[in-house]
Every structure is written in structure tokens, then in C-alpha cells.
Protein chains: 2
Amino acid sequence: MLKYLEIADKMEAWIIEKDLSQGEKLPKLAELMELYGVSKSTIVKALERLENRGLIYQVQGSGVFVRRPKRADYVNLIDNNGFTADLPTHKMASKVLTLRKIKPPKKVQAVFGSEQTEVYEIRRLRYIDADVLCLEESYFRTDIIMYLNEQIAQGSIFNYVRELGIAIGFSDKYLTVKKLDQKTADLLGVKTGDPALTINEIYYLTSGEPFDYSTTTYHYENSKFFIQSNA
Amino acid sequence: MLKYLEIADKMEAWIIEKDLSQGEKLPKLAELMELYGVSKSTIVKALERLENRGLIYQVQGSGVFVRRPKRADYVNLIDNNGFTADLPTHKMASKVLTLRKIKPPKKVQAVFGSEQTEVYEIRRLRYIDADVLCLEESYFRTDIIMYLNEQIAQGSIFNYVRELGIAIGFSDKYLTVKKLDQKTADLLGVKTGDPALTINEIYYLTSGEPFDYSTTTYHYENSKFFIQSNA
DNA sequence: GAGTGGTCTAGACCACTCA
DNA sequence: GAGTGGTCTAGACCACTCG
């Protein structure tokens, strides 16, 4: 394992274990260098990672401080760690509505390329505790994800993908708000015309190839989101 | 100006000028080093910045490639460059509804601290071309932003803040979806009960001190959002 | 002005991709 | 196996904060 990632993970665990709160100061660079037995640049790189993940902020000439806003129960829109990581105090579950191998619909072919002849289509309802969180419709390239079944789709598909040794690189997410049609409203257990946030996502491998296209519609009363930004 | 920032800006301008599209390859590191006359680490750092801004992706052993998803007219939720940067082909305008110095409401005091005795409150409607984009209610600390007037609030407050030499560090954003009450719906020109996305934001200085608290409610038909994520 | 973080360099070595 | 990006080091120097 890479040194800077290992150090970043240890620091993250340390912050969480000690339950440090916003504004608390971390040891200075020189101490961290000695503590972990590495050069300055390696510490700097580990801190950069934590900064990008929104766990700390650095103030030149002053120190490194913990960044941990207080609100819970919000889904993180930047980390792609899945709901289990975002909502640790809740029980997550999925009900698979359909799972099949099909020819990609046009909107999906537009993303994967016209040479893509087959995809997995998965539709599932995701629950937080006893409540509906969202309806998800996703498409995976069958030449990358060779095998999928209902049992896998009941858990975290992304964890399964990572276990296959497939490296997820980055993603584009598009958000819109709309009034629900009757079919979707029924599935979510709300009224036709009620509001919903729809997030359209494209996930890419580290190589830049798209492999997952999904559209998720969230129950407006059961979902809240947050973003930690550095700009 | 810092070398790596200067190089990153030049590369960004170059990508936009040449109108490179997703997947196109940039020159290799050795060439970039020579081109800009700097060491490898400086190029690496410039590329890291572009990667974080979602403009490129790097593939070890292969090359550096352009990342530019095709959809326009989406508001970027990560960059805090304001609508003008996100929606370059549109005319943006603001109408100031109220601007006053007041004692902070409780929700604002909870963020700024109870020692904060005075804030600017600004409520404005923001337009995209001829359409209402959003209703924004924001609070600024008067000990940091000493002066504000209606003319400034008609333009970009953040640009004004930067011109004052105040360095914006990072922000937390919380998103929820709801049905509009009558007052807000009237202002946005939609019906009571229509859907809306509400984004609650807290902006911090580089020192970690919060200085702006705002709540923005978006017109659901006139607004779309995107996020480019690297995880 | 002392302390602390940020930038930059040159160079060694590692890890991945692709023909 | 050649090519290309990623990590890591040691050290010089710069820039900001704070008492």
C-alpha cells in the first residue's frame, strides 16, 4: 500500500476515534513526519487527500485543522462510498424490481457508444430503515461487468465491482427537480405531482471508459444531500 | 503568481481554445516540463489541480486526457465561480428585494457564533435571461464584509468580496427538496406546492471562519445542476 | 521575528499500459 | 520491454500567521 494513502487513512481513523470537532488542531508537519517516519512531501500529500475529502483544512503559517460539519443523515454527493458509509446509523436495504440483459436503450447507447450491444438493466427500490429512499434504474456494460444476479443487486453493486478488481475512476452527475409521474410516485409511495430530485450519473473506469449509467429518483421527504467544496 | 497555478490556467485556456473534447490526449509530462521550463513536480501539481477541477483525468502508464462532458446550461455545484462562469451564454441579472443591517436570526447565530451581533441580510431574485432562476437569502458578517450596498448586490457579491482581498476558503452545502409555500412560489412565479430545490450554504474564509450563510431556492424548471466527482 | 505551512527542484525508483 | 505516469526523498527557499 502507498505510504501517503496509508498515512491519510490512519489520520482519518484517528480523527474519528478521538472524535475531534471542527477547528481542532492537528500536530504540526514536523511532528507528523517523525511520527510516521516519512519525508515532508509525503505528509503534505496525505494532508492534501484529507483536504480533498473534506476532513481538514490547512491554514498557511498557522496549522492544520479538523473540518467536520455537524449535520448527520445527509447523503454525500462527492464521495462515492454508497449509502452505507453516509448513513452509518441506519439500516439500508434494496429490493430488486427487475434485472435483465438487454440491448441498450438509445439514451444509454449515446453514452456507452453504438458498438455496445448488450447491457445489464437493474431497477431497484432502496430503503432507509423502513422508508423508501429512492428508485434507481441503472445500466452496466456486460463486457466489463460480466456477471450479475439478484442477490448481488440486493447489496452494494459498487462493492461487488471493486471486489472484481475493477477500478472506478470518476463520475459525472446531473441533478434536476421535477414533479413525479404516477408510476414513479406509486413506487416511492408518494402522490402523483409530488416533487422529486433526479440524479443522472455516469461512472467511468480509471481508464476513462464509461461503464455505468444510472438514473435515481429520490423520495423528497426521506432524502437530504450535502457537498463539501474547496473552491 | 505561483508557477503551478499559472501553468494550470494556461493549460485550461489551451484546452478551451483548442476546443478539445473528452478523451483527447495532452502532451506527455516530459514535453510539458520543457514547454513550461519547470520541474516534473510542478507539472504534476498543475495537472492535479486540473484533475480536481474536473477538466482532465490521468491514466498511469498511458497519458493525460481531457474530461469535458457535453451538457451545457448546468450550474456547477463544486466550483464557486458564480453563475456567470457556469452559464456563459446567458445573461445573468439580480434584483435586490431587501438589503439591511440586522441582528442575526437564531439559525444564523448558530453558525456565526453568539458573539456575532450584526449581519447584512440580503434577499434577491436572480434571473437567467428573462427567467427567474432562484430566490436567495444570504447573511454576511459585518465585521468581515464592512460595507455593502444595493448596487454591489445587483452584481456578484463574491467578486466584490474577492476584490476586497478577502480569501474564500471552502464551503458546506446542504440540499433538500420541498413543496413551495405561497410566498416563495409567488416570488419565483410558480404555483404553491410546486417543487423546488433548496440549497443551504455556509462559506468559510481560508482561516476556517464562517462569513456567509445563505439559503437559495431554485425554480425547478429553469435550473439544472452538475457535479464532477473523482472518487 | 519565530514558527509553520507551501512551493519548487533534481533525481531515484516504482507501477501501469500497450504494442 | 519501451514508454509514461506516480511516489518518495532531502533540501532550499518562499509566504503567511501570530505573539
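Chain identifiers are assigned alphabetically (A, B, ...) following the order of the sequence lines, protein sequences preceding nucleic acid strands; residue numbering begins at 1 within each chain. The figures that follow rest on heavy atoms only: side chains count, while hydrogens, waters and symmetry mates do not.
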Along DNA chain C (nearest heavy atom to each residue), the more 5'-positioned of B/Leu5 and A/Val59: A/Val59
Check whether any side-chain nitrogen or oxygen of [X] sits under 4.0 Å from OP1 or OP2 of [N], and answer yes or no.
X        : N      : result
B/Gln60  : C/dT17 : no
A/Lys3   : D/dT9  : yes
A/Ser207 : C/dT17 : no
B/Ser62  : C/dT17 : no

Between [options], which nucleotide gets closest to the side-chain atoms of [X]?
X       : options              : result
A/Lys28 : D/dG6, C/dC8, C/dT4  : C/dT4
A/Val38 : C/dT7, C/dA10, D/dT9 : D/dT9
B/Leu2  : D/dC8, C/dT7, D/dA15 : C/dT7

Polar contact flag, side-chain donor to acceptor under 3.5 angstrom, B/Ser94-B/Arg126: yes
No-hydrogen, no-angle side-chain donor-acceptor test under 3.5 Å, A/Tyr57 and A/Asn230: no
Sugar-phosphate only, base, or nothing, as touched by B/Val44 at under 4.0 Å among non-hydrogen atoms: nothing
Touch class at under 4.0 angstrom, heavy-atom based, for A/Ser41 against every strand present: base
Partner nucleotide of C/dG1 by Watson-Crick or wobble geometry (both distances under 3.5 Å): D/dC18
Ring center gap for B/Tyr203 and B/Phe158 short of 6.0 angstrom: yes
B/Lys45 NZ to C/dG5 C1', straight-line distance once rounded to whole Å: 11 Å
Side-chain ion pair, A/Glu12 and A/Arg53, N-O less than 4.0 Å: yes
